[in-house]
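For reference, positions follow the sequence shown, starting with 1. Hydrogens, waters and symmetry mates play no part in the numbers below; they use all other heavy atoms, side chains included.
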Amino acid sequence: MAKKKPEGYLSARESRRISRENRKITNALEKQRKRKNVPESEYLTEMKDPNNAVEFDNLHAYFFTDVGTVKAVDGVTFEVPIGKTVGVVGESGCGKSVTSLSLMQLLQRPQGQVVEGAIRLNLGDKAYDIAKTPQEQMKHLRGNHISMIFQEPMTSLNPVFRIGAQINEVIELHDGSGKTREEIKARTIELLEMVGIANSEGVYKMFPHELSGGMRQRVMIAMALACNPKVIIADEPTTALDVTIQAQVLDLLRNLKDKINSSIMFITHDLGVIAEMADYVVVMYAGRIVEKGTAEEIFAHPAHPYTIGLMASKPVVGKQVDKLYSIPGKVPNPVNMPDYCYFKDRCEMCVAGCNGDYPCEVSLSPTHKVSCYRYYDRKEGE
């Protein structure tokens with residue numbers, strides 16, 4: 001671990017030492033990942049439950065920086081069932097987007113690396129462990145089987161290419177064999193109409209800056225759905241949109257999911273959106289899952305103090321308050337995480353046992369699980 005000076009900063013020598021050590025680790029991981037002609041048996045796996053589209057199993061994704069190792073995702077385990085929507089919720093920096101980028105193998109490398117755990121992707125006839133899948137094979141999985149609606153459409157769309165050319169490219173790369181240019185264009189216009197763009201012929205010829213935020217978001221959804229993927233990752237797709245457009249985009253996603261029978265991993269801060277969209281909810285805090293269950297269980301019976309705090313901090317229609325509740329304190333330093341419960345220093349419901357190690361997962365029902373010392377009596381009574 002890095003030794004800090006009393007003033008709170010690292011010396012140049014210490015920073016260089018950390019860089020050298022991290023470079024050794026990342027070089028070894030990169031060498032493994034960049035291998036060519038890897039036999040399929042190395043990354044083939046078995047799903048624990050064939051009814052799941054994706055299974056995250058003890059996933060660890062770290063960023064190796066000059067000041068230390070940031071454990072952005074630190075042992076995450078949950079499932080995305082086929083045809084269902086799983087909402088992943090938590091404050092900024094808790095590891096939601098890093099979890100989804102790990103599934104797409106789009107972490108910023110060489111600093112960002114999946115160092116442990118498995119991500120099992122169900123392809124129907126077989127299953128791949130994404131954590132071990134080589135780069136060459138990932139090119140065939142992205143777009144065809146898993147696709148992502150990115151957080152900010154203005155930065156995700158290329159400003160110098162027309163909308164039509166950008167969607168055409170997706171179809172040509174993944175689903176273009178044997179198709180003429182006219183057929184690809186017809187498919188692009190069909191996708192634009194499917195996401196509710198009325199002037200699809202006109203939008204086809206436009207540049208991203210000529211469209212509004214809602215229109216750009218619809219274009220991003222059209223690109224993500226171009227090849228009818230089995231898993232759609234929606235990374236805060238409604239953050240920058242007004243309420244009416246947000247409702248339209250959510251309806252659109254829900255209808256399209258049913259139409260192509262895909263699963264959605266929905267990442268958001270908005271608990272209202274989660275309540276409306278999700279079948280299952282995963283609550284993340286500081287790189288770990290603190291609670292997970294069905295949407296009904298999480299909203300009707302929130303168990304973890306952090307989930308309870310999130311619920312209390314949202315405004316309620318018809319209820320007048322002088323000041324909205326906010327969770328006290330701040331998230332621990334990700335480079336130097338404590339060895340006890342990460343939420344302990346902010347928790348207003350501490351019990352006697354909270355001084356021990358990080359709490360293990362306790363089952364409140366077959367689907368509802370929480371990591372908190374307050375429920376250890378249930379564990380002992382099982």
Can you check side-chain contact (heavy atoms from CB on, under 4.5 Å) on Tyr62 and Ile25, steps first, answer last? CA-CA 11 Å; Tyr62 296 171; Ile25 299 166; over 6 Å; no
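Within the 4.5 Å cutoff, the side chain of Ser156 has no heavy atoms near those of the Met223 side chain. The closest side-chain heavy-atom distance from Gln246 to Val273 is below 4.5 Å. Residues Tyr375 and Val351 form no side-chain contact, since every pair of their non-hydrogen atoms from C-beta on lies 4.5 Å or further apart.
In this model, a donor atom of one side chain and an acceptor atom of the other lie less than 3.5 Å apart for Asp345 and Tyr340. Counting only N and O atoms by type, the side chains of Asp66 and Ser19 include a donor and acceptor under 3.5 Å apart. With 3.5 Å as the limit, one finds no donor-acceptor pair spanning the side chains of Glu296 and His301. There is a side-chain donor-acceptor pair under 3.5 Å between Lys369 and Ser363. Side chains of Ser11 and Glu14: no donor on one and acceptor on the other come within 3.5 Å. With 3.5 Å as the limit, one finds no donor-acceptor pair spanning the side chains of Gln105 and Thr133. In summary, the side chains of Tyr285 and Glu291 do not present any donor paired with an acceptor at a separation below 3.5 Å, with no hydrogens or angles considered.
Between the CE atom of Met206 and the CE atom of Met215 there is a distance of 6.5 Å, given to the nearest 0.5 Å. Rounded to the nearest 0.5 angstrom, Arg288 CZ and Ser371 OG are separated by 8.5 Å. With values rounded to the nearest 0.5 angstrom, Arg20 atom CZ is found 8.5 Å from Arg23 atom CZ. Put simply, CG on Leu192 and CD1 on Ile197 are 5.0 Å apart, with the number rounded to the nearest 0.5 Å. Distance check: Glu91 CD to Met284 CE gives 11.5 Å after rounding to the nearest 0.5 Å. How far NZ of Lys205 is from OG of Ser200: 10.5 Å, rounded to the nearest 0.5 Å.
Other residues, nucleotides and ligands contribute more than 12 heavy atoms inside 6.0 Å of the NZ atom of Lys344. Atom CD of Gln248 has more than 12 neighbouring heavy atoms from other residues, nucleotides or ligands inside a 6.0 Å radius.
Using modelled atom types, one side-chain atom of Ser263 and one backbone atom of Gly83 make a donor-acceptor pair closer than 3.5 Å. In terms of modelled atom types and a separation under 3.5 Å, the side chain of Arg120 and the main chain of Glu55 share no donor-acceptor contact. Of the possible polar contacts, none joining the Gln217 side chain to the Val249 backbone as a donor-acceptor pair under 3.5 Å is found. Between the side chain of Ser313 and the backbone N or O of Gly309, at least one donor-acceptor pair lies under 3.5 Å. Looking only at distances, a side-chain donor or acceptor of Asn22 sits under 3.5 Å from a matching main-chain atom of Thr65.
Here the options are Val70, Thr26, Ile18, the test is side chain to side chain contact (heavy atoms under 4.5 Å, CB included), and the partner is Phe64; only Thr26 passes. Screening Val283, Ile298, Val370, Ile289 against His304 for a side chain to side chain contact (heavy atoms under 4.5 Å, CB included) leaves a single residue, Val370. Of the residues listed (Leu250, Val281, Val80, Ile149), the one engaging Phe266 in a side chain to side chain contact (heavy atoms under 4.5 Å, CB included) is Leu250, and it is the only one.
A tilted orientation is assigned to the rings of Tyr376 and Tyr373, their planes being inclined by 30° to 60°.
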